[in-house]
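A quick write-up on the structure given underneath.
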Amino acid sequence: MAVAVSYCNSSSFLGYFPFEKLKCRDLVSPSAQATRINGLFWGAKKSTVPNEFDYSLGNFTLTGTGPEEGSVSHSKPTKLSLSVVSSISEVSASDWDACALDTTGPGKYNPFLSHGFLSSLEETGCAVKETGWMPRHIVAKDESENILCVVPLYLKSHSYGEFVFDHSWADAYYSFGARYYPKLQCCVPFTPVTGPRILIRNTLFRDEIFDIIISALKDMTAKSQLSSLHVTFSSENEWQKLSAGGFLQRIGMQYHWKNRNYKNFDEFLMDMKQSKRKSIRQERKKIVAQNLTMKRLRGYEIKDKHWDSFYTFYRNTTDNKWGTPYLTRDFFHNMASKMGDQVLLVTAEEGDEFVAGALNLIGGDTLYGRLWGCHPRAYYPSLHFEACYYQAIEAAIELDLNTVEAGAQGEHKIQRGYMPVTTYSCHYLTDEGFRRAIDDFLVREANQVKAVIKLLHESGPFKEGI
C-alpha cells in the first residue's frame, strides 16, 4: 500500500514532524532528502526479519533491607534474574495475576492486564508472530524462583492495533533509508486501555526492580538493534518515572464518564444542561419505539450463541470502519470462559432475536467499554449510543463503579457525559537524531492536546460548577 504523504502546509491541529531538523548524515548518505509528512496512516511495506533475542537479560542484586508488611517475604538482599518468554503460557496465571493485582491494588484492578485476557489473545491467534505481535514478555525472578515482576511486551512488525499513532515516524525512518520495524511495544494488544505496564509484586524492592526493568528494556532494544521501544497508555506515575529514564513523553486524549455518587440514571441527567438532558431522553425513547429490548448479561448468562452472534456484529463493524478484524471468533469464547463475571455483554433484542451488542469488562473501580457491533441487515437509530454509553452508565451506577472508560476517539461522547481525560505514553528511540526531532514534535503536540482538552471542558454538557 502507498504511504499517505502530503506536501502541503502542516496542519496546526495535527502538528507536523520536523524532519528538516535532522541531518541526513546522521542516518544515511548526504544525498538523502528530508520530507515533511502530514499523513496519519502508514501502509504495509516489505516485512523484516526480527533480530534474535538473548532470552536471559542478566542477574542483579537487590539491596533492600526487608519486606513490607503483607508483601512477598525477603529478609535479606536478594538476587533478581530477568528473562524473556515467547508466550504468556510460560508464566502461571496465579503468578502473573499476583503481579498485576499487587501493582494496581484490588480497588484499581484492571482485567485487561490479567493472564486470562492476554493468554486468550495468544491462544486464539490474535497476538502472535503471524499477526505481527510476537510475544516477548519480561519475567523477573528471585533466587527461589518466585516471580516478582512481569511485563507484557511484543515485538511488532507494524503499528496497527496500538491507538497511539507513530506511522509518520516510520515513514520518516524509511525516507532516510533507515529501518523502523521491528520495534518493541509494551501494551495491551488492540486495546487502548489505561493502566500500569510494569507489573511488580508488593515488595520493599519495588523501586529497585522498576529501575532494573527499565534499564534492561533499553539495553534489549539497543542490543537487538531495534529502532524503538514504546510504552503506551501507561499510568501517569509510570509516565513520570520513564521520563526520568530517558523516554520521551507523549500525551493523548480519551473520553471517560465519572460517577458522582449517582443513585440512578435520572440523577446523572439532572447534572446535565437542559438541552443535553432532553437530547439524551429523546435518544433513549427511540429504543422503545423500535421495539428493542436492552439486557445486561454477565458470566454464565452469556451463552455460546451470544458470542457467535457478537462476532458477526464485530465483523460488521470492522468491515465497515476499520477494514481489518484483529480478533477471532474463538477469542470471544476463550476470553469469556476464563474471565467469568468480569465480562459484561450489553445486548439488544428485537423480539427473540439478538441484533446488537457491546462488550465491557469490569474492573475494580472502572467499567471498560470496548467493542460494539450490530446485525448487518438493519440500521437502528440511536442504538449505538444506548448500548455503548447509556447502558454502561447504568451498569456503573448499579455496580458502584467510579468510571466508565469508553475507548479511543469520539467527540460525540462529550454531549453524553463522557469528558476528555489525558492519556500517557512513553517512547525510547535509539537514534539520537530522530530522538531530538520527535521530542520537539511531541512538545508541540502536547500543547495542542492540552488546549483541546481545556476547550472541551469549558464547553462541556454539564451545568456550571459540575
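There is no side-chain donor-acceptor pair under 3.5 Å between Ser168 and Asp171. Defined by atom type and a distance below 3.5 Å, a donor-acceptor pair is present between the side-chain atoms of His137 and Glu122. Side-chain contact check for Thr293 and Glu349: no donor-acceptor pair (N or O, by modelled atom type) lies under 3.5 Å. Under 3.5 Å, the side chains of Gln254 and Tyr418 contain no donor-acceptor pair of N or O atoms. For Thr131 and Tyr160, the side-chain atoms include no donor-acceptor pair closer than 3.5 Å. If you check the side chains of Tyr380 and Glu350, you find a donor sitting under 3.5 Å from an acceptor. Of the N and O atoms on the side chains of His427 and Asp166, not one donor lies less than 3.5 Å from an acceptor on the other residue. Donor-acceptor pairing under 3.5 Å is lacking for the side chains of Ser382 and His384. Side-chain atoms of Lys108 and Thr103 include no donor-acceptor pair closer than 3.5 Å. Tyr389 and His412 are linked by a side-chain donor-acceptor pair at a separation below 3.5 angstrom, with hydrogens and angles left out of the test. Under the 3.5 Å distance criterion, with hydrogens and angles disregarded, no donor-acceptor pair is assigned to the side chains of Thr124 and Asp330. No side-chain donor from either of Tyr390 and Arg284 sits under 3.5 Å from a side-chain acceptor of the other.
A distance-only check finds a donor-acceptor pair linking the side chain of Arg298 to the backbone of Asp341 [under 3.5 Å].
Nearest heavy atoms, Trp239 versus Ile251: CZ2-CG2, 3.6 Å.
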